[in-house]
Amino acid sequence: MELMQGQQGVIFDGANVPAARRGHCELSIRNLSVSFDGFKAVDDLSLHIAQDELRVIIGPNGAGKTTLLDMICGKTRPMAGQIFLNDLNLTNLSDFNIVRAGVGRKFQNPSVYEDLSVAENLEISIPRGRGALASLFFRRTKVVKEEIRDMARIVFLDDLLDRRAGHLSHGQKQWLEIGMLLMQAPKLLLLDEPVAGMSPREREQTAELLKVLSVGRSVVVIEHDMDFVRSIAHTVTVLHQGRLLVEGSADEVQADPRVIDVYLGH
Ligand code: ADP
Ligand code: MG
């Protein structure tokens, strides 16, 4: 199944959209560094993530994984190096402009509006920048309702559109938050431990979801669960002490003595 971005940022699956209309996306991280009180949390790190790629980043606690995502989305300023999304230099943009450039970030704990329904959570995530006139009317349009229903189906919540988000399971909240991010049609999706708190069945479904999502965009996932990593990863990057330790397939990194030594052996 192909998932792509339509004219209004609507997500269609199986739609036949010309390749030129798809958001081309490549993330290029060049010699990135940041220190906290003299401690190098990320140290001269370079990474390249292609369009359609689903990259998993693993590494021991404190390796700098979350800090890396913080720098990509503008929450933490790098002290050296650069971050490019295609030709756009994100390095000194505000977090707001980084979102507008097409970067969606999911934090470790799901943040949804607990008092609103699934449908309402998705609705408020539709970007308002589709023209002032459009925004006056968009709540009532049939197109918006369809867009919400389509998204709920993609994230396995189509039977729960009217359920209050506070009454969803932890895993369903994670899916809802992914759906909310997708409403903004990001070119680059950053997910910090998206299967934390999920049942084995929910993990399997999430693996399928992430594979679909990586088509037409780049996806970066931080994850600990090696079975899950194995089920989704194209390439796995292992971070250690802010630096790139090993990069390769899940099998390659799992068999690598350096990775076993600093991470998997424990
Ligand atoms: P990971 O996500 O790989 O577990 P982090 O990126 O959260 O690691 O943290 C890397 C290191 O940077 C840790 O030693 C952490 O304590 C430190 N660190 C992260 N953010 C900050 C911050 N805002 N201020 C001070 N130290 C921080
Ligand atoms: Mg972390």
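Below, all heavy atoms of this structure are taken into account, side chains as well, without hydrogens, waters or symmetry copies. Computed from a predicted model, the values in this text were never measured in an experiment. One-based numbering, in listed order, for ligands and for the atoms of each. If you read the sequence from its start, that first residue is 1, and numbering goes on from there.
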- Task: Look at atom 7 (O) of ligand 1 and say which protein heavy atom is nearest, naming residue and atom and giving the distance to 0.1 Å.
- Result: T66 CB, 3.8 Å
- Message: Side chains of S249 and D251: any donor to acceptor distance under 3.5 Å?
- Response: no
- Query: Just which atoms of ligand 1 are under 4.0 Å from any heavy atom in T67?
  - Reply: 5 (P), 6 (O), 9 (O), 10 (C), 19 (C)
- Message: Would a single hydrophobic cluster contain both V236 and V42, if residues Ile, Leu, Val, Met, Phe, Trp and Tyr are joined by side-chain heavy-atom contacts under 4.5 Å?
- Response: no
- If we only count N/O pairs under 3.5 Å, is G64 in contact with ligand 1? yes
- Item | Axial cation check for F107 ring with R105, 6.0 Å and 45° limits | yes
- Note on the structure: protein heavy-atom neighbour closest to atom 24 (N) of ligand 1 works out as F36 CD2, 3.5 Å
- atom 14 (O) of ligand 1 - nearest protein heavy atom and its distance: F39 CE2, 3.4 Å
- Is the Mg ion (ligand 2) under 2.8 Å from any N, O or S atom of T67? no
- What's the verdict on salt bridge (Lys or Arg N to Asp or Glu O under 4.0 Å) for R258 and D261, showing C-alpha distance, side-chain angles and the deciding distance? CA-CA 5 Å; R258 291 166 295 178; D261 187 36; over 6 Å; no
- Query: Between S218 and R55, is any side-chain donor less than 3.5 angstrom from a side-chain acceptor?
  - Reply: no
- Note on the structure: The closest protein heavy-atom partner of atom 10 (C) of ligand 1 is G62 O, 3.4 Å
- Task: Using protein heavy atoms only, decide if any is under 4.0 Å from atom 16 (O) of ligand 1.
- Result: no
- Taking the side chain from E147 and the backbone from V144, do they hold a donor-acceptor pair closer than 3.5 Å? no
- Message: Tell me whether E177 contacts the main-chain N or O of S111 through its side chain, where contact means a donor paired with an acceptor under 3.5 Å.
- Response: yes
- From the options H240, K65, Q241, select the one whose nearest heavy atom is closest to atom 3 (O) of ligand 1. K65
- Counting both backbone and side chain atoms, is some N or O of A41 under 3.5 Å from an N or O of ligand 1? no
- Note on the structure: Per-atom filter on ligand 1: closer than 4.0 angstrom to a heavy atom of A63 are 1 (P), 3 (O), 8 (O)
- Query: Can a donor-acceptor pair be found between the side chains of Q174 and K106 at a distance below 3.5 Å?
  - Reply: yes
